[in-house]
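Working notes, structure below.
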Amino acid sequence: MSSFEPFNRLVRLAARAFYDDITMKGDNQPKTGRGDNRGMTVVVLDALTRRQWVREEDLAKALKLHSKQLRRTLRFFEEEKLVTREHRKETAKGVKIYNAAVAATADGQQPVKEGDEKNKMHTHSYCCLDYAQIHDVVRYRLHRMKKKLKDELDSRNTIQQYICPNCGRRYSAFDALQLVSMTDEYFHCEGCNGELIAESDKLAADEMGDGDDNARRRRREKLKDMLQKMEEQLKPLMLQLARVKDLAVPEFGGLLAWEARVHAAARVTGDSNASDFSKSSQGQGYGGTPMPFLGETRVEVALSGMDVKEEGTEPDTKSANVKVLPPWMIKKGMVLTKEQRGEVKHDMKSDQSSYAIDEKKPGVEKEDEKNLQDEYFKAYYAALAKRQEEQEATSRRLREEAEKYKASTSDLSNGIFEAPYDRQVGMKSKRADDENDDVDWEEAVPTGNTGETFKLADLNAQPEASGDDEDDIDWEEG
Amino acid sequence: MFFHITLERNMQLHPRHFGPHLRDKLVAKLMKDVEGTCSGRHGFVVAITSVEDIGKGLIREGTGFVTFPVKYQCVVFRPFKGEILEAVVTMVNKMGFFAEAGPVQIFVSNHLIPDDMEFQSEDVSNYTTSDGSVKIQKDSEVRLKIIGTRVDATEIFSIGTIKDDFLGVINDPGAAS
């Protein structure tokens, strides 16, 4: 990809140098104020430097342009030989191939929308910068500009005008054959047979010729000025051209070839990329700009799952010192994931657990002290073992158990908040809990409304859970 | 530039040619009529290469002449702006020189002759560089570039320049002799 950069820079420079003030007007657009879309060409070219082959509809969406407008611009660029376009009829399947190819470029900015799944044939246009040709076109353009100015400066290619000083008749060099006389070296006027003089001659005595001479000189000055200006204003472009001259030109090839190649490359590097992309692209919005959140969430979910597993294994190893809590935390985490996905990572990853855990932990502690710890250990480890086999079922049960505890311990919500003091006095062995609690207290205050809503949800859940809990206890104890 | 194209023409043939060699007579007349002419559209007809088709003759009322539509292929020559040609100088004067490239007349004005070439009116008027190494006079061969053409219905006249890279004398008869 690194070889693209100098060429992209070239394109951007050329766009600004030559296509800055080109307006894409429809044939029937009389209003000038609103229809002024100069600079759009530059935007389109810039966008193309960040892409390879791109479907024109997608490009239009990404640029928030009307597709007709874009097409007009692209047609212009096609005529200017900057862009290659390809049109083909394709079904939804063809679109998918293209999408996969786009995904494989891993550009990150490729706008992709799932093609509509109709089986109709649609003609889709694709466009792509043709770097090799752009290089040539820009060079040729510069050459022509310079040559034209220089030619005019040297008054090359100008058809000589002749004038008769007597009668003021004018002739051009095309008439030379008729004007030539056999008697001497000069041209003679057809009317008065006077000697003609070339118009630019200094000897042109007559005042019209003189004025003309002045105009010519002024024009000369102007041309010289223009040439100089061109040299300095286009210097960056020329430097870039010189820089790019010996580099290998990036080639995409035709659309089909490009698709095939990118596809193959994707297969080598791993399908996961493509499949992920297609997955995420489904969720992607209309605008075509990829939403970063979606992708991230997906990743987080995977991580949290891993975390759960890790923590699930931990209690087994160090069950001696931290007996009950890790399972509890896990359980809460699981509950939370069910209820609220977004909270998961905070709970699991960072030890500053959120309000939910704060509320319940004190209850747990109390429970541990009061109730029979062994029974719960057994229940938990049985549950853990089961969960390793089938996570879903276990998590559900754990949730139920958690609610059971809630129901049994926290008769009032006040009781929960009092609990930490008791625990701090009673048990100092569990450092993690203390930290959690401290943090919790700090956090609980600022996050007012979210905490409340969450509590409410829990309270709601309690009544029905309590009924089930009785059954569960019976089952487990029996 | 030369082109090989198919043209059509209505030939009128006198009744006295009717007979076994009608076709030959027709082709001979066609060549005589067409070759060397100039049309503004196609340029100079240099040569007829083949007769493709001779249509059915139509006897004209009153005269007895018969009109044959004839399709023929021919080589035409037409100068274009920007084209590089080799030409033979036919006349040199103070205003420039005239040259011929086949049937085409080309005028090169003295503004379009390199600045280092000066007009010399010796017994044979010519343009010569200051060191005398290059000389343009009658019958010199020059390579020039067409910068403009004027196309009339029956005539093409061109203006050329030798004030550019790789243009100018390519074979100097004065130096050779």
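Summarising the local packing, CZ of B/Phe80 is surrounded by more than 12 heavy atoms from other residues, nucleotides or ligands at distances under 6.0 Å. Around the CD atom of B/Gln73, the shell of radius 6.0 Å holds more than 12 heavy atoms that belong to other residues, nucleotides or ligands. Annotation for B/Glu122: atom CD counts as buried by contact number, over 12 foreign heavy atoms lying within 6.0 Å. No more than 12 heavy atoms of other residues, nucleotides or ligands sit less than 6.0 Å from atom NE2 of B/His21.
Taken to the nearest 0.5 Å, the OH atom of A/Tyr186 stands 4.0 Å off from the NZ atom of B/Lys94. Atom-to-atom distance recorded for A/Leu177:CG and B/Glu155:CD is 6.5 Å, nearest 0.5 angstrom.
In this view, B/Thr149 satisfies the side chain to side chain donor-acceptor pair (under 3.5 Å) rule with no residue, not counting sequence neighbours. Listed by chain and number, the residues in a side chain to side chain donor-acceptor pair (under 3.5 Å) with A/Gln240 are A/Arg9, A/Arg243 (sequence neighbours excluded).
Residues B/Ile159 and A/Phe174 have side chains in contact (heavy-atom distance under 4.5 Å, counting atoms from C-beta outward). Residues A/Asp175 and B/Arg150 form a side-chain contact, since some pair of their non-hydrogen atoms from C-beta on lies under 4.5 Å apart.
In this structure, chain B has a heavy atom under 4.5 Å from the side chain of A/Gln178, while its backbone stays farther away. Contacts of A/Leu179 with chain B are absent, with no heavy-atom separation under 4.5 Å from either backbone or side chain.
Taking the six-membered ring where tryptophan is involved, the planes of A/Tyr162 and B/Phe107 are tilted, since the angle between them lies from 30° to 60°.
Heavy atoms only, all atoms of each residue included: B/Phe157 and A/Ala176 are closest at CZ-CB, 4.2 Å.
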